[in-house]
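Report on the structure given below.
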Amino acid sequence: MLPHRLAPCYTETDMKPQDTDRQDSYRQEQESRFEETFLSPSGGEAPSPRTAPEEAALPRLRRFEYPGMSEEHRQYLAVFTSSSALAASAPPGPVPADLASLRVDYRSRLNDAQLQAALWEGGPLLVIAGAGTGKTWTICCRAAYLIERGVPPGEILLLTFTRKAASEMIGRASMLLDDAEAAGRISGGTFHGFAHRMIKRYADIIGVDRNFTILDETDARDVIVLIRDELKLRRRDNVPVPKGQVIQGILGTSRSCELTVKEVITRDHEHLSVYIPDLEVIQRLYLKYKQAHRYMDYDDLLEVLYEKLQNNSRFRQLVHRQFTHIIVDEYQDTNTVQGRLVEALAGERRQVMVVGDDAQSIYGFRGAKSENILNFPRIFPASGIIRIEKNYRSTPEILAYANDVTGAMTFAYPKQLASVRPGGAKPEVHRCFSQQEEASWICDAVENLQQQGSALADIAAVYRSNHLSGHLQAELLKRRIPFIVYGGLKFVERRHVKDMLAFVRISLNTLDAAAWHRVLRMISGIGQVRSGMIIRTVAENGGVFSAQKFRGHPFFSAMEELEGVIRYLQDDRLSLQQRLLRLKAYYLPVMRQHCEDYARRIPDLDVLASLAESSSSMEEFFSDLALDPPSASFQDYPTEKHDGDADSLVLSTVHSAKGLEWRYVFVISMLDGVFPDIRSLHDFSSLEEERRLFYVACTRARDGLYLSFPSYIQTHQYFALPSRFLSEQDREHFSFYIGRREHPVKFV
Ligand code: ATP
Ligand code: MG
């Protein structure tokens, strides 16, 4: 018996009319699955275990085969679907006899497989292992080991997803060695940061103008919008002109997936077919615009580095001499160019170790290729492959649940994680009535955990996309529970921070037209036309900005004031803080004029100034921010200001939670059409990616995993279905509750 008329939580308009039949059958399927899984008090018939022992032993390939599967996929999957091939590929090497004489006791800190990886001497190595198996930890130990073996730390290149992750790894290596100085010389960072450093350092050798400016994603969008507006596109065949974000997405996919604009539109955005010629023009103009204004976007950095490594032998030799050991974490999320870069960086020496988990590949939408990990043995013949199957992070109950998630994946090589930890509680699934009730239940549970002695920093609530955290944020604020938000709109993407940075950009590159547009827009009396005129004048003047050129214009005094600020920012004799404070004084009245919530934004300007503290030059400060912006946005509370160190609950998108762990994890809004995302519901590979994302979410938890969903979505005024991911799970592996925690009705 169903309590309500159930409907999916997306609106009818999200579905095309011809999908009605599919929609109805989908609903029926979901209703019966929901009923079977959740509402039969007897528990109904237990679903047959997904992986009977004999099936688990069989290659996943059989299940993986699907119509249209390419021969290439078939081949490289074959490598991974045979566990004997894997085992044979990395025979346990002899453990060096002098291990005991080293500073770090590697044996006590690592299990056999980890030890084998950390001490590896045999050329290229792929460590492919599930979540929480200590991949990142193994990298830390490997870095320490290499240093102990006499590899100069500066020759170790540690590439990972964020600068923070890299510095944490280096910090751990430093603790292991008890030598912060040596570990601090390891070259670590993101692919983009590394590419930027190399291009700047060797600009003369590779023939690149070193005064380029990095365009982050929002800057790049601004430029695209500028070009689109210049083209004055008209609505065609009743299809609205695509938004900047959509165009950016199409151009990005075209590049990362190596497809033409036409191919991307035909594949993913058929309704925009009428705009194919326009978007092709935008693509060409965007390229020219970047060249004319000395811009490089993220993809350019990687492509330039790769191209120069291929074609400039002197540069290649220098880089190879400088970095003799390449280590990459989260390899499953590298894209095509990054995969090629690893190959190019490894060179003939082939001292390369990559670490990843194909089941955690979650950036396919940005062109990441989990195939990179599967392809590794082909790119690097005779590479070692090590699997780690022990999980140190989570309780057996959480792992049983996570194994169900991988069990439901089609495209994954078989692996079952085994916990080394003692038993704990089963994951809990909570069904709440509304989103408010869900938020309130989570806050109750958090307070409960606090009373039992947990720190707030040990707890995280994760969700599919940022807007889902609204109700929870409101409830946390009401109860004065401090929290910090990861992901979503990053600090540097906020309008006022971007505004401040636009001045900085002009001070570094006076030909930065997009930054000029942003700055000039703030001055009253200057519109699109005047702004274009000013930018042209600066360009014609060889990039020199002189207010005198505008004498006689009504905005002359504004130009004089602006020139003063830019000159101040360029003055190297002053500290970065001094310069940013001068800029703040100029910008505050502008912000007051344009932003209603002016007062709430002021602390961000101070945060910006404090971030400059660790930079040695304005250029370094700006590049660091553009390449690897702080991932957390700081909430200012009505009563207390967040100082960054306060004990705070973490709110995070699942994407931003990658690689991290907490004792207790709440995965909220587990609704079909939310998680998995509605756009993935009818697309095999997107749905698989959503499932991998769910796996990432569940495997962040060490001691407690709580999944919840509201039945009723107030904003849309309808009842929603629980996520299909919840109903795919083995009933034995979780407990199910309805309602608030004080009055839970336990069903399973
Ligand atoms: P993810 O896939 O989520 O990135 P991971 O494989 O990188 O996970 P780590 O983050 O390195 O896993 O490790 C997970 C936890 O297990 C950490 O708390 C780490 O300190 C611990 N750990 C790893 N290896 C060992 C070990 N041999 N003994 C004890 N604890 C370990
Ligand atoms: Mg990791």
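In each ligand, atom 1 is the first atom listed, and ligand 1 is the first ligand listed.
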Checklist outcome for this item: atom 11 (O) of ligand 1: closest protein heavy atom, distance to 0.1 Å, is Trp137 N, 2.9 Å
Item to check | Donor + acceptor pair across side chains of Glu330, Gln332 (<3.5 Å) | outcome: yes
Checklist entry - Which protein non-hydrogen atom lies closest to atom 7 (O) of ligand 1, naming both residue and atom, and how far is it? => result Thr136 OG1, 2.7 Å
Checklist outcome for this item: Under 2.8 Å from the Mg ion (ligand 2), protein N/O/S atoms total 1
Checklist entry - Is the closest side-chain donor-acceptor distance between Ser454 and Gln450 under 3.5 Å? => result no
Item to check | Arg172, portion touching ligand 1 at heavy-atom distance under 4.0 Å | outcome: side chain
Checklist entry - Should the pair Lys426 and Tyr401 be classed as cation-pi, given the thresholds of under 6.0 Å to the six-membered ring centre and 45° from the axis? => result no
Next on the checklist: Any nitrogen or oxygen of Gly659 lying under 3.5 Å from a nitrogen or oxygen in ligand 1? Just yes or no.
Outcome noted: no
Checklist entry - What about Phe323 and Phe194, are their ring centers closer than 6.0 Å? => result yes
Next on the checklist: Could you tell me if Glu438 and Ser708 have a donor-acceptor pair between their side chains, going purely by distance under 3.5 Å?
Outcome noted: yes
Checklist entry - Where is the nearest protein heavy atom to atom 27 (N) of ligand 1: which residue, which atom, and how far? => result Gln114 OE1, 2.8 Å
Next on the checklist: Within the structure, is a non-hydrogen atom of Ala129 found at a distance of less than 4.0 Å from ligand 1?
Outcome noted: no
Next on the checklist: So that I can tick it off, tell me whether Arg692 and Asp358 are bridged by a salt bridge, with the cut-off set at under 4.0 angstrom between side-chain N and carboxylate O.
Outcome noted: no
Checklist entry - Are any of the heavy atoms in Arg109 under 4.0 Å away from ligand 1? => result yes
Item to check | Glu661: numbered ligand 1 atoms lying under 4.0 Å from its heavy atoms | outcome: 14 (C), 15 (C), 17 (C), 18 (O)
Item to check | Any donor-acceptor pair under 3.5 Å from Lys135 side chain to Gly130 backbone | outcome: yes
Checklist entry - Between Arg142 (side chain) and Trp120 (backbone), is there a donor-acceptor pair under 3.5 Å? => result yes
Next on the checklist: I need the Asp703 CG to Asp458 CG distance, nearest 0.5 Å.
Outcome noted: 8.5 Å
Checklist entry - Among side-chain atoms of Ser419 and Asn391, is any donor-acceptor pair under 3.5 angstrom? => result no
Checklist entry - Between Thr653 and Asn466, does any side-chain donor sit less than 3.5 Å from a side-chain acceptor? => result no
Item to check | Protein heavy-atom partner closest to atom 13 (O) of ligand 1 - residue, atom, separation in Å | outcome: Gly134 CA, 3.5 Å
Next on the checklist: Any atom of ligand 1 sitting under 4.0 Å from a heavy atom of Leu110?
Outcome noted: yes
Item to check | Per-residue contact class, Arg700 against ligand 1 - non-hydrogen pairs under 4.0 Å | outcome: side chain
Next on the checklist: I need the nearest protein heavy-atom contact for atom 2 (O) of ligand 1: residue, atom name and distance, please.
Outcome noted: Lys135 NZ, 2.6 Å
Checklist entry - Looking at ligand 1, does Asp357 have a heavy atom less than 4.0 Å from it? => result no
Checklist outcome for this item: Among non-hydrogen protein atoms, atom 16 (O) of ligand 1 lies closest to Tyr392 CB, 3.2 Å
Item to check | Nearest protein heavy atom with distance in Å, relative to atom 10 (O) of ligand 1 | outcome: Arg393 NH2, 3.1 Å
Item to check | Listed partners of Tyr463 passing side-chain hydrogen bond (donor to acceptor under 3.5 Å, both in side chains), at least two apart | outcome: none
Checklist entry - What orientation do Phe736 and Phe709 show, parallel under 30°, tilted 30 to 60°, or perpendicular over 60°? => result parallel
